[in-house]
2 protein chains.
Amino acid sequence: MYICPMYSSELIKGTLKTIVLKLLSETEKMYGYEITQKVKELTDSKIVITEGALYPLLHQLEAEGVVTTETVNIGKRVRKYYSLTQTGNERAKEKLYEFADFMNTMNILLDLKPGVNYV
Amino acid sequence: MYICPMYSSELIKGTLKTIVLKLLSETEKMYGYEITQKVKELTDSKIVITEGALYPLLHQLEAEGVVTTETVNIGKRVRKYYSLTQTGNERAKEKLYEFADFMNTMNILLDLKPGVNYV
DNA sequence: CAAATATACATAAGAATATTATGTATATGC
DNA sequence: GCATATACATAATATTCTTATGTATATTTG
């Protein structure tokens with residue numbers, strides 16, 4: 001289920017966890033498929049999360065106690081909701097802060113104009 | 001030669017090529033060690049490029065015709081200068097444009113205020 | 001002047017994170 | 001009825017980086 005992402009995959013690498021934590025931090029609970037669709041929608045299909053990357057990450061976050069799960073039956077199908085724990089909320093803030101700082105550093109390094117559209 | 005980088009390495013992943021191409025695009029020629037020092041200096045040691053990552057990348061870029069090399073003897077030591085080819089200059093522009101666009105997308109996705117300091 | 005640190009290259013083993021492919025199954029639109 | 005969408009999962013592979021190691025010369029400092 002690969003739909004030509006706009007960016008060379010290198011760039012997206014490493015941002016997935018930050019994206020997932022951010023979305024969960026503002027929506028109480030979300031299920032995997034929902035996350036992929038939300039990201040696709042918000043980025044106009046520029047970033048497309050693959051299942052092979054997302055599900056293992058979610059499982060890892062659960063094992064770390066960052067998220068808890070709740071399985072709901074939708075008709076005969078199963079849906080697995082993820083929500084942040086208290087630890088998860090802190091982790092989300094840390095990750096967002098780190099990313100913002102990283103972007104500042106990259107702006108300086110690459111000499112991009114902060115502010116307006118970088119494009 | 002690992003000097004605790006400020007960011008979790010995940011984030012830096014994928015940006016190395018962009019950084020190197022950017023530096024080479026504004027300095028005619030640079031050698032590997034010089035690149036590591038310049039990045040350290042410009043980022044206040046927040047981003048530290050390791051040799052194990054840099055040298056293989058430079059070799060790859062040369063193999064792709066993105067850079068050409070010039071070996072200079074400094075005393076009894078060898079220094080290998082890298083400079084962008086014409087193809088390399090275009091590649092650098094593409095990479096920078098892509099990265100700027102990626103940052104915009106991430107700003108929207110993560111709901112960070114564009115403009116001022118993201119921190 | 002000896003030892004530590006800095007300069008300068010290179011590569012190999014291993015870890016982390018993603019892609020691609022595959023599998024299973026139900027639901028919906030045409 | 002068939003294609004597409006929803007919804008999960010995992011395994012094989014690829015990519016990119018860290019860590020470690022190796023070689024060698026130059027400079028600083030106690």
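None of these values were measured; they are calculated from a predicted model. Convention: sequence-line order gives letters A, B, ...; per-chain numbering from 1.
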Donor-acceptor contact below 3.5 Å, side chain T85(A) vs main chain G65(A): yes

Establish, with yes or no, whether the OP1 or OP2 oxygen of [N] is under 4.0 angstrom from a side-chain nitrogen or oxygen of [X].
X      : N       : answer
Y31(A) : dC8(D)  : no
H59(B) : dT11(C) : yes
T50(B) : dT18(D) : yes
Y55(A) : dA9(D)  : no

Could you tell me the separation between the [atom1] atom of [X] and the [atom2] atom of [N], rounded to a whole number of Å?
X      : N       : atom1 : atom2 : result
Q60(A) : dT17(C) : CD    : C1'   : 10 Å
E51(A) : dT19(C) : CD    : P     : 11 Å
E62(B) : dC9(C)  : CD    : P     : 13 Å
K38(A) : dA5(D)  : NZ    : P     : 19 Å
L57(A) : dA9(D)  : CG    : P     : 12 Å
K40(B) : dA8(C)  : NZ    : P     : 13 Å

Just call it for L16(A): base, sugar-phosphate, or nothing, with non-hydrogen atoms closer than 4.0 Å on any strand. sugar-phosphate

Would you indicate what G32(A) reaches in the nucleic acid, counting non-hydrogen atoms under 4.0 angstrom: base, sugar-phosphate, or nothing? sugar-phosphate

Check this for me: does the side-chain of K13(B) come within 3.5 Å of the base of dT15(D) through a donor and an acceptor? no

Within a 6.0 Å radius of atom CD on Q86(B), are there more than 12 heavy atoms belonging to other residues, nucleotides or ligands? no

Are any of the side-chain heavy atoms of L54(B) and Y33(B) separated by less than 4.5 Å? no

Is the shortest heavy-atom distance from the side chain of T27(A) to the side chain of K38(A) under 4.5 Å? no

Please list each protein N or O that sits under 3.5 Å from an N or O in nucleotides 24-27 of chain D, with the distance.
{"from": "dT25(D)", "atom 1": "O2", "to": "R77(B)", "atom 2": "NH1", "distance (Å)": "2.5"}
{"from": "dA26(D)", "atom 1": "OP1", "to": "K76(B)", "atom 2": "N", "distance (Å)": "3.2"}
{"from": "dA26(D)", "atom 1": "O4'", "to": "R77(B)", "atom 2": "NH1", "distance (Å)": "3.4"}

Heavy atoms only: give me the nearest L110(A)-I19(B) pair and the separation to one decimal. CD2-CA, 4.1 Å

Given I47(A) and M106(B), is the side-chain contact (heavy atoms from CB on, under 4.5 Å) satisfied, shown in steps? CA-CA 9 Å; I47(A) 297 178; M106(B) 287 299 288; 3.9 Å; yes

More 5' along DNA chain C: G52(A) or R79(B), using each one's nearest nucleotide? R79(B)

Using a strict threshold of under 4.0 Å (side-chain N to carboxylate O), is an ion pair present between K93(A) and E90(A)? no

